[in-house]
Number of protein chains: 2
Amino acid sequence: MRVRLEDVARAANVSPKTVSRVLNDEANVTDATRQRVRAAMEAMDYRPHPSARSLAGNRSFLVAMLYDNNDNPASTYLAEIQDGVLEACDAHRYSMMVRPLRMRGGDFIRRFDALISDHHPDGVVLTPPITDYAPLLKRLRESNVPYASVSPQRRGKVIGVTMDEQRAARAIVEHLLELGHRRIAHVIGIADHGASRWRLAGYREAMAAAGLPEDPAMVVQGAFTFGSGVEAARKLFALAKRPTAVFAANDDMATGVMWAAGEYGLKVPQDLSVCGFDDTPLSRQLWPALTTVQQPSREMGKIAAEQLLGALRGHGAGQLVQVPFVLQIRGSTAAAP
Amino acid sequence: MRVRLEDVARAANVSPKTVSRVLNDEANVTDATRQRVRAAMEAMDYRPHPSARSLAGNRSFLVAMLYDNNDNPASTYLAEIQDGVLEACDAHRYSMMVRPLRMRGGDFIRRFDALISDHHPDGVVLTPPITDYAPLLKRLRESNVPYASVSPQRRGKVIGVTMDEQRAARAIVEHLLELGHRRIAHVIGIADHGASRWRLAGYREAMAAAGLPEDPAMVVQGAFTFGSGVEAARKLFALAKRPTAVFAANDDMATGVMWAAGEYGLKVPQDLSVCGFDDTPLSRQLWPALTTVQQPSREMGKIAAEQLLGALRGHGAGQLVQVPFVLQIRGSTAAAP
DNA sequence: GGCAGAAATGACAGCGCTGTCAATTTGCTC
DNA sequence: GAGCAAATTGACAGCGCTGTCATTTCTGCC
């Protein structure tokens with residue numbers, strides 16, 4: 001039979017309420033009592049019943065991780081974040097639930113509300129691009145549900161984790177500049193994603209700092225997918241003065257650019273340097289391997305969840321933590337021809 | 001304030017217990033009453049409190065999806081299964097929780113027990129390679145937790161979903177044979193995964209049926225990773241009589257084979273045909289794109305969860321459903337040189 | 001040693017449902 | 001229309017915890 005809190009109380013010779021206090025790390029328990037109760041819990045392998053705790057205490061010990069399954073980034077990126085979030089939740093004895101929330105198609109507010117009233121999460125972790133949907137953020141604040149973002153965002157009083165995408169993008173373009181490239185193209189990601197904007201801004205910043213005027217033909221719209229990278233590259237390669245280097249806003253599009261280069265008989269990196277962003281496993285498996293920006297996704301998920309849980313448990317308000325990026329210079333970039 | 005079952009009961013002019021009966025689709029409620037209660041629920045946007053239901057009814061409405069985060073297959077594969085499982089759970093108003101369970105390192109039984117007593121899932125969905133760990137399956141049965149597998153397994157009285165991997169492997173090797181290949185190599189996956197065994201069996205079957213004696217040098221061990229594919233291929237290419245075609249047990253290893261081909265100056269598919277298994281997104285993004293076997297992962301996750309939920313809700317015992325595979329013939333295979 | 005105030009502990013109700021079983025209504029048969 | 005079994009409905013306790021508030025025990029201080 002299941003060991004209940006009451007059983008532990010009897011074994012430790014205290015009232016159930018005191019065991020509850022120990023369980024929840026509350027104040028006003030002498031160290032001696034706390035020890036005794038802890039020992040009894042241990043000895044009996046006591047496991048509190050989550051539903052009973054939730055019902056009586058009016059909290060669920062549940063964190064929901066939201067992602068957009070419509071135009072989400074690479075699934076490996078999400079999987080890594082998920083792993084990190086899960087690790088943090090486990091450490092704090094919270095459960096985690098993942099929830100897709102399609103942002104295209106209007107009624108996401110209704111679906112979000114349903115999620116909240118169906119599952120009662122104590123907090124929510126937002127992943128890109130959901131982090132960029134202002135109406136949802138507004139709704140989150142209205143419903144008074146604490147949340148943390150794994151996000152390129154860095155403004156406002158948000159808690160979670162971020163990376164300086166603009167500086168990373170600038171750094172990778174500077175790498176191309178150092179290799180002697182001047183005609184450097186950029187393939188933009190989905191327009192309304194924050195990530196796209198910051199990566200573009202970093203590209204522009206680097207080009208401007210190098211004294212290169214912006215050539216509109218060198219900046220083409222993509223959509224974060226392989227196919228969109230192929231199409232964007234075809235436009236670039238059809239130009240009279242084609243670029244010698246392409247910085248695509250993510251690895252999938254960069255892969256598309258490399259594919260298109262093959263079509264046009266351009267050798268990477270001899271004729272064309274290509275770089276991406278994200279450091280997906282794919283980027284290492286290409287030939288040549290892709291120069292890209294690595295972000296510590298797993299760690300970011302973990303940090304975001306920790307900030308959220310810290311705030312939930314009243315340990316301060318939660319921060320917006322910035323993590324470093326790493327430039328992964330690999331075979332797809334070389335000196336300008 | 002929250003709408004409770006009692007409120008619905010008052011509105012529909014019945015007892016709380018009757019509302020509960022309607023909520024749980026129980027028998028012995030007249031159609032008229034059922035209608036009335038349903039209408040009241042709808043009108044008040046009633047959402048049962050999961051913890052209260054769980055506590056009183058002694059079930060959690062929770063399905064746990066287990067995966068091995070040690071040597072798991074491609075994360076996209078898992079992500080797709082997860083999506084399918086989630087879809088089925090949502091449809092039946094169950095929650096889903098994903099749980100990594102590292103199989104290397106012995107104490108997975110203890111960690112599994114902790115998972116059960118911490119979260120009380122009503123059922124469990126197993127993904128490869130967890131499906132192959134007999135001790136865990138034994139423990140599942142002992143603890144009386146219903147489970148379904150997404151699995152290459154096809155023997156025994158298991159419920160879930162399966163694909164005929166052996167026949168698929170045979171089919172892809174037959175495709176190579178039809179192209180005129182005779183020296184066909186196979187790169188095996190992690191030895192104790194069921195998937196590896198069946199894919200190898202399919203390879204052997206096809207070769208034997210074509211009257212080709214098995215050449216031990218043509219069968220090399222891999223580990224489902226890109227790197228292991230590279231190494232395996234190097235061994236094959238170093239042979240005096242190198243293969244004209246390689247069938248790798250998954251796409252990641254096939255990608256490694258293609259990489260190694262580049263190192264050796266072998267053109268794919270002119271000098272070497274390569275094929276894989278899984279149809280990961282990666283396989284489409286290579287150049288040339290990879291010939292491979294597509295399995296409907298998302299659908300498989302959904303079916304497994306549906307079988308499990310059906311059994312949980314007493315609609316029969318649950319089946320082992322077999323889904324079809326699709327051979328994806330793409331640019332990486334061509335006539336033998 | 002006695003007293004006030006703070007700290008520790010406990011009693012008890014109740015969170016929102018469902019299981020059990022009793023009470024009531026319905027549908028038949030004669 | 002009485003009598004009986006089956007179907008429907010309801011009363012009530014209780015799932016395992018925590019919130020509230022009352023009670024007891026411990027401090028320090030005069």
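In the text below, chain A, chain B and the rest are named by the order of the sequence lines, each starting its count at 1. Everything numeric in this text was worked out from a predicted model, so none of it was measured.
- Looking at the side chain of B:Ser15, the nearest of the listed nucleotides C:dG16, D:dG16, D:dG10 is D:dG10.
- Side-chain N/O atoms of B:Arg53 include none lying less than 4.0 angstrom from OP1 or OP2 on C:dG16.
- Electrostatic pairing of B:Asp90 and A:Arg99 counts as a salt bridge here, judged by a charged N lying under 4.0 Å from a carboxylate O.
- Atom CD in B:Glu26 sits about 14 Å away from atom C1' in D:dA7, given to the nearest Å.
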Worksheet entry | salt bridge (Lys or Arg N to Asp or Glu O under 4.0 Å) between B:Asp113 and B:Arg139, intermediate numbers included | CA-CA 9 Å; B:Asp113 287 346; B:Arg139 187 81 187 125; 3.0 Å; yes
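- Sequence order on DNA chain C of the closest nucleotides to B:Ala56 and A:Ala27 puts A:Ala27 first from the 5' end.
- Phosphate contact (OP1/OP2 of C:dT9, side-chain N/O of A:Asn28, threshold under 4.0 Å): absent.
- Annotation: cation-pi pair B:Arg53/B:Phe61 present, NZ/CZ under 6.0 Å from the ring centroid and within 45° of its normal.
- Counting non-hydrogen atoms under 4.0 angstrom, A:Ser54 reaches nothing in the nucleic acid.
- Separating the CG atom of B:Leu23 from the C1' atom of C:dG19 is a distance of 15 Å, rounded to the nearest angstrom.
- For the pair A:Arg47 CZ and D:dC17 P, the interatomic distance rounds to 13 Å; values are reported in whole Å.
- Under the 3.5 Å distance criterion, the side-chain polar atoms of A:Ser54 are matched with a main-chain donor or acceptor of A:Arg59.
- DNA chain D is contacted by both B:Gly57 and A:Gly57; B:Gly57 maps to the nucleotide lying nearer its 5′ end (nearest heavy atom per residue).
- Contact between the side-chain N/O atoms of B:Thr30 and the OP1/OP2 oxygens of D:dT8 is not found at any separation under 4.0 Å.
- In this structure, A:Asn58 places its CG atom 21 Å from P of C:dA13, rounding to the nearest Å.
- When the P atom of C:dT18 is taken as reference, atom NE2 of A:His49 falls 14 Å away, rounded to whole Å.
- At whole-Å resolution of the value, NZ in A:Lys17 and P in C:dA13 are 15 Å apart.
- Residue A:Tyr46 places at least one side-chain N or O under 4.0 Å from the OP1 or OP2 atom of D:dC17.
- When each of B:Leu55 and B:Thr18 is assigned the nucleotide of DNA chain D with its nearest heavy atom, B:Thr18 is the one assigned upstream, toward the 5' end.
- Listed for the A:Ser151 side chain is no donor-acceptor partner under 3.5 Å among the backbone atoms of A:Thr162.
- Separating the CZ atom of B:Arg59 from the P atom of C:dG16 is a distance of 19 Å, rounded to the nearest angstrom.
- Across the protein-nucleic acid pair, A:Asn24 atom CG and D:dT20 atom P stand 14 Å apart, rounded to whole Å.
- Remark: the A:Arg21 side chain and the C:dG10 base include a donor-acceptor N/O pair separated by less than 3.5 Å.
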